[in-house]
There are 2 protein chains.
Amino acid sequence: MQANPQHNQLLVKHNLKITTPRLSVLAVLTTREMATSQPDLEQLLGSKIDRVTLYRTLSTFEEKGILHKVMGANGTLNYALCSSACTQHQHHDQHVHFNCTLCLNVYCLDKLQIPQLQIPDGFTTKKIDLMVSGVCDKCNNAYSK
Amino acid sequence: MQANPQHNQLLVKHNLKITTPRLSVLAVLTTREMATSQPDLEQLLGSKIDRVTLYRTLSTFEEKGILHKVMGANGTLNYALCSSACTQHQHHDQHVHFNCTLCLNVYCLDKLQIPQLQIPDGFTTKKIDLMVSGVCDKCNNAYSK
DNA sequence: TTAAGTGCAAAATCTTTGCAAATGT
DNA sequence: ACATTTGCAAAGATTTTGCACTTAA
């Protein structure tokens, strides 16, 4: 596994050992700029990593705040690296995603700011996730041609 | 099963036959004012309904737009009846939920309006789901006492 | 009457657990 | 060297499928 200083650093920061499977997962996730489902990850990683190790890696990464889960429209779980802002202090508290109902891809739209909401009295807000579903630009283009 | 005209009407409107299992599911879901997980539903329904029938009922209801899925923080799927607005034309296109990280309940905050969002060019929006996580009023009270 | 819906059994999937071997520090 | 992490096998859960029986219209 070729060294990627960023990834090594990321693992060290979270008191995780630098291992091949973990680096592979990070490598795949950074390549794709969207959230990836567990089955897709499994396929992308090929036989580089055991299925069980993948499960464990994903749950470790989630605990540590290295990645976050997103629920796709079809009910599949998708995983995405938290944005750089995320990994800094504790955890970025806002996530905006777009789920294309045609290609099923889940895009991270972390640039988008979630507007202020009027939460009912007595409720304390810690985290906000916003999922927009529809058709992504690629699929829109493909069909309008 | 005691007749609830509303429920019967709901089923008829969607070309579904009025059956005991379906009415039981509707009865339970209307009682609880929050989203309910499949395992919880199973427990609440007791032996009134086969597990397989529950799966099938839920997926039928979801297809027809009678209820919608919500993803809880812990990764469990929760089901909630769509608000009345929902069942009318086709499908209400905005859902706001609150997931308490202590009691794990998922509240439907369908009164809340989601502010306008600036979706990137080329993307078409069909549906917006917003999930707020934090601590609900009951749990807040319980701890502040 | 007859198409839709149910319930059981069994298959297929998905996820977790236990433990010995391998690996990173 | 020692604690962590991996990979395999197997257990446990969850979800789906097939099919005969039942039920609503």
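Within every chain, numbering begins at 1; the chains are lettered A, B, ... in the order of the sequence lines, protein sequences first and strands thereafter.
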* Asked: Is a donor-acceptor pair below 3.5 Å formed from side chain A/Arg22 to base C/dG24, judging by atom type as modelled?
  ->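 Result: no qualifying N/O pair found.
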
* Among B/Leu29, B/Leu23, B/Val28, side chain to side chain contact (heavy atoms under 4.5 Å, CB included) partner for B/Val25 ->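 Checked B/Leu29, B/Leu23, B/Val28 against B/Val25; only one passes side chain to side chain contact (heavy atoms under 4.5 Å, CB included): B/Leu29.
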
Figure out the [atom1]/[atom2] separation between [X] and [N], and round it to whole Å.
X: A/Glu62; N: C/dT16; atom1: CD; atom2: P; answer: 11 Å
X: B/Gln38; N: D/dT14; atom1: CD; atom2: P; answer: 8 Å
X: B/Leu77; N: C/dT15; atom1: CG; atom2: C1'; answer: 15 Å
X: B/Leu23; N: D/dT23; atom1: CG; atom2: C1'; answer: 13 Å
X: A/Leu11; N: C/dT23; atom1: CG; atom2: C1'; answer: 14 Å
X: B/Arg51; N: D/dA13; atom1: CZ; atom2: P; answer: 10 Å
X: A/Ile49; N: D/dT6; atom1: CD1; atom2: P; answer: 7 Å
X: B/Arg56; N: D/dT16; atom1: CZ; atom2: P; answer: 11 Å

* For residues B/Phe123 and A/Tyr107, establish whether the separation of their ring centroids is below 6.0 Å. =>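 Aromatic pair counts; centres sit under 6.0 Å.
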
Give the nucleotide from the list [options] with an atom nearest to the side chain of [X].
X: A/Leu16; options: C/dG5, D/dT5, D/dC8; value: D/dT5
X: B/Lys17; options: D/dA24, D/dT14, C/dG7; value: D/dA24
X: A/Tyr55; options: C/dC14, C/dG7, C/dT17; value: C/dC14
X: B/Thr57; options: C/dT6, C/dG24, D/dT15; value: C/dT6
X: A/Thr19; options: D/dT15, C/dT6, D/dT5; value: D/dT5

* For A/Pro39, report the nucleic acid contact type (base, sugar-phosphate, nothing); a contact means any heavy atom under 4.0 Å. =>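 Result for A/Pro39 = nothing.
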
* **B/Arg32, CZ: over 12 other non-hydrogen atoms inside 6.0 angstrom** =>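 Result for CZ/B/Arg32: enclosed.
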
* Asked: B/His68 and B/Tyr79: side chain to side chain contact (heavy atoms under 4.5 Å, CB included), yes or no, with the steps?
  -> CA-CA 6 Å; B/His68 60 268; B/Tyr79 295 88; over 6 Å; no

* Please figure out whether A/Val52 or A/Ile18 has its closest DNA chain C nucleotide nearer the 5' end. =>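 By nearest-heavy-atom nucleotide position, the 5'-most residue is A/Val52.
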
* Dump the intermediate steps for side chain to side chain contact (heavy atoms under 4.5 Å, CB included) on A/Thr124 and A/Ile119, then the final yes or no. => CA-CA 8 Å; A/Thr124 315; A/Ile119 301 296; over 6 Å; no

